Amino acid sequence: MIRIESVTKRYPDGTVAVDRLSLEIPDRAITVLVGPSGCGKTTTLRMINRMVEPSEGSILLDGQDIRQQPVNTLRRSMGYVIQNAGLFQHRTILDNIATVPRLLGWNKQKARARAAELMERVGLDSALAKRYPYQLSGGQQQRVGVARALAADPPVLLMDEPFSAVDPVVRKGLQDELLRIQEELGKTIVFVTHDIDEAIKLGTKVAVLRTGGRLAQFAPPAELLSAPADSFVEDFLGADRGIRRLSFFPADGLALETAPVVPVDADAGEIASRATAPYLLVTGSDGRPLGWSEPDKLTAGAVDREQLLDYGRPFLPATDSLRTALDGAVLSPTGWAVAVDGEGRAVGVVSQQVIGEAIRDAHSRVAERADAKAGR
Amino acid sequence: MNVLDFARAFFTDSAHWHGYDGIPTRFAEHVGYSLEALVIAAVIGLPVGLVTGHYGRGGNTLALIATAGRALPSFGLLVLMVIWLGLGTLPVMIPLVVLAVPPILVTTYEAVRSVDPSPVDAARGMGMPEARVLFQVELPVALPLIYSGLRTAAIQIVSTATIAAYVGLGGIGRYIIDGLYQKDYEKVVGGATLVAGLALVTLAVFWAVSRLTVSPGVRRSG
């Protein structure tokens, strides 16, 4: 575990970048440092591998002060990923990734074999091994940066705004990839970003820092969204934190209705028997949703697909959150969301009203848990 | 007779191809002086440029030295050195080295300083010792610019080394100075052609060295 104990960084000109910061960074989890520019998040990260030395306080790694080992030994035990990847343009991709193993004295062959393994792990085509950095896209370069940081299998990974220089689509891909890699490897990751959405998506725990390098709140993302410590954190989270918080509530508990779902070849009797809701969802012969229709506009055996209303974006109850379900309901002109299985077949529908009840239930369960914890 | 006739006459006269005043001897002497001056200038300029560039300090001092060095007239310095030190190779080497150090020093400093800071930061953060950061991260990327400084210096040395002849030494300058004195324009043109040829050879050598030692990753992205 990394323990930051009352650390202050004051520069010779008197600027205080970090002010008496204390943090306990849990093992094998992603801890995100987030905050506006000038909040000292990068300085804090750089103090962990001693790229910056604290003016006061100390940092402990597994109970031992990080100043007790030679600085380069410390750094080689921590992967380091920076914003623009910082690849060595004169070295091939493979040799870039092999950097730390080579520093640790591995022979060239072993280091390259390890590098090739890492390329696969981060989703890079092995054909890129002999290329040079200028031949890669920004997203690919950043993957190389991650692979390079992982090459010597360090227990700790320090990431300084690694994905902020790439476009949103590529960034999402890199974030998903990081979560996948983390699931496989279970590193202790310290991740710096100014993007609160990224912090909430990636963080097991999120430390919100305010300008002047003081800690505003250190909590899991769901708690941050439900109970911001003060108005600064609330403002920083943005206006739609209520909606975003729904990402942490699973949609698997929603009571799905199957009655308003009719196959495209249903007869008049079936249509009539199912006409309990204001709208019916018509499904194709493969079970996939086609669209909504008012019951009296449906002609048995001859459905005009052009007349059907859009069904929005369906959600998977098993894996999606209430946010996705609500989004589906809001997008649909009927106000109902469509639930599908892994194959895209409609398994039921749910109204905004039912989703609303589920949200209230989820909130009250969280509140009960919080009360129980406080009472203990 | 025009210049081309002079040159042809000079190069076809077989007497010019052997003996102590023959083209091979003079050419070798000239290359010898030039190489010696370039090596001394590089031994002074490269380490100072690399270290100051790496730490990003001393740029103003370097610019001052460079301007002073460029302002000194080589020929004047040569005469001064001969008066002071007497005849020999040393008084010739001093102006040549003074001429060559500024371009080497200043471009090397600039080359290292202008290396993208993020790979350097990444290298340090991965635990690369400082010397390796300089030689394995900064130098390979700075190499093309460093070569251009060395090339400029080399060409200036090659063309200026003709002044060695003024103080009784050899080299291609002999043809030019003796030719002028003897009003033998064949010799003057021949000597000038040889100096120009040597400058072109120097360019070719630097191009080849650069091809062989600069990584394709740097060549293409630079």
Side-chain angles (χ1 to χ4, degrees), chain A residues 42 45-52 69-104 130-136 141-142 144-146 148-152 154 157-162 165, chain B residues 46 49-50 53-57 107-151 206-222:
Chain A
T42 293
L45 182 90
R46 288 169 70 89
M47 284 195 286
I48 297 172
N49 66 353
R50 294 184 61 194
M51 293 293 277
V52 174
Q69 54 177 318
V71 65
N72 283 336
T73 312
L74 175 81
R75 289 176 184 168
R76 286 170 202 170
S77 73
M78 295 179 171
Y80 186 51
V81 189
I82 59 175
Q83 186 173 355
N84 293 308
L87 301 184
F88 305 137
Q89 53 165 315
H90 60 289
R91 290 195 183 158
T92 61
I93 299 310
L94 205 63
D95 287 340
N96 261 284
I97 299 172
T99 304
V100 181
R102 293 286 288 153
L103 283 174
L104 291 170
K130 295 268 175 266
R131 301 264 177 93
Y132 287 93
Y134 79 94
Q135 294 168 304
L136 270 59
Q141 291 195 16
Q142 206 49 261
V144 177
V146 173
R148 186 174 62 175
L150 289 169
L157 207 55
L158 305 177
M159 309 183 83
D160 188 6
E161 306 221 17
Chain B
L46 285 180
L50 286 174
H54 177 72
Y55 291 106
R57 296 213 180 115
T107 39
T108 305
Y109 168 80
E110 280 300 330
V112 176
R113 223 179 57 116
S114 61
V115 170
D116 179 5
S118 61
V120 176
D121 183 66
R124 285 201 183 108
M126 287 188 287
M128 197 181 271
E130 215 52 29
R132 276 194 171 186
V133 172
L134 175 58
F135 288 106
Q136 295 185 2
V137 178
E138 292 175 312
L139 184 62
V141 177
L143 216 46
L145 206 55
I146 292 175
Y147 283 146
S148 87
L150 283 169
R151 191 183 60 212
F206 271 96
W207 180 83
V209 169
S210 176
R211 286 295 296 185
L212 289 174
T213 57
V214 175
S215 154
V218 175
R219 232 184 288 144
R220 296 290 298 278
S221 52

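Quick caveat: nothing in here was measured; it's all calculated off a predicted structure. Below, read A as the first sequence line, B as the second, and so on, with proteins coming before strands; counting in each chain starts at 1. Note that these values count all heavy atoms, side chains included, but never hydrogens, waters or copies made by symmetry.
Residue B:M128 holds its CE atom at 12.0 Å from CZ of A:R75, rounded to the nearest 0.5 Å. Of the inter-residue distances, the one linking A:L103 atom CG with B:Q136 atom CD reads 7.5 Å to the nearest 0.5 angstrom. Taken to the nearest 0.5 Å, the CG atom of B:L143 stands 10.0 Å off from the NE2 atom of A:H90. Rounding to the nearest 0.5 angstrom, the gap separating the CZ atom in A:R46 from the CZ atom in B:R124 is 9.5 Å.
Between B:P129 and A:N72 the shortest heavy-atom distance is CA-ND2, 3.7 Å. Between B:A122 and A:G86, the shortest heavy-atom contact is CB-O, 3.7 Å. Closest heavy-atom contact between B:M126 and A:F88: CE-CZ, 3.6 Å. The minimum heavy-atom distance between A:Y134 and B:P216, with the atom names listed, is CE2-O, 4.1 Å. Between B:S215 and A:Y132, the shortest heavy-atom distance links the atoms OG-CE2, 3.4 Å. The shortest non-hydrogen separation linking A:N49 to B:G125 is ND2-O, 3.7 Å.
Both the backbone and the side chain of B:D121 come within less than 4.5 Å of a heavy atom of chain A. Residue B:P117 does not touch chain A at all, counting heavy-atom pairs closer than 4.5 Å.
When each of A:Q83, A:R131, A:R50, A:R148 is scored by its heavy-atom pairs under 4.5 Å with chain B, the top score falls to A:R148.
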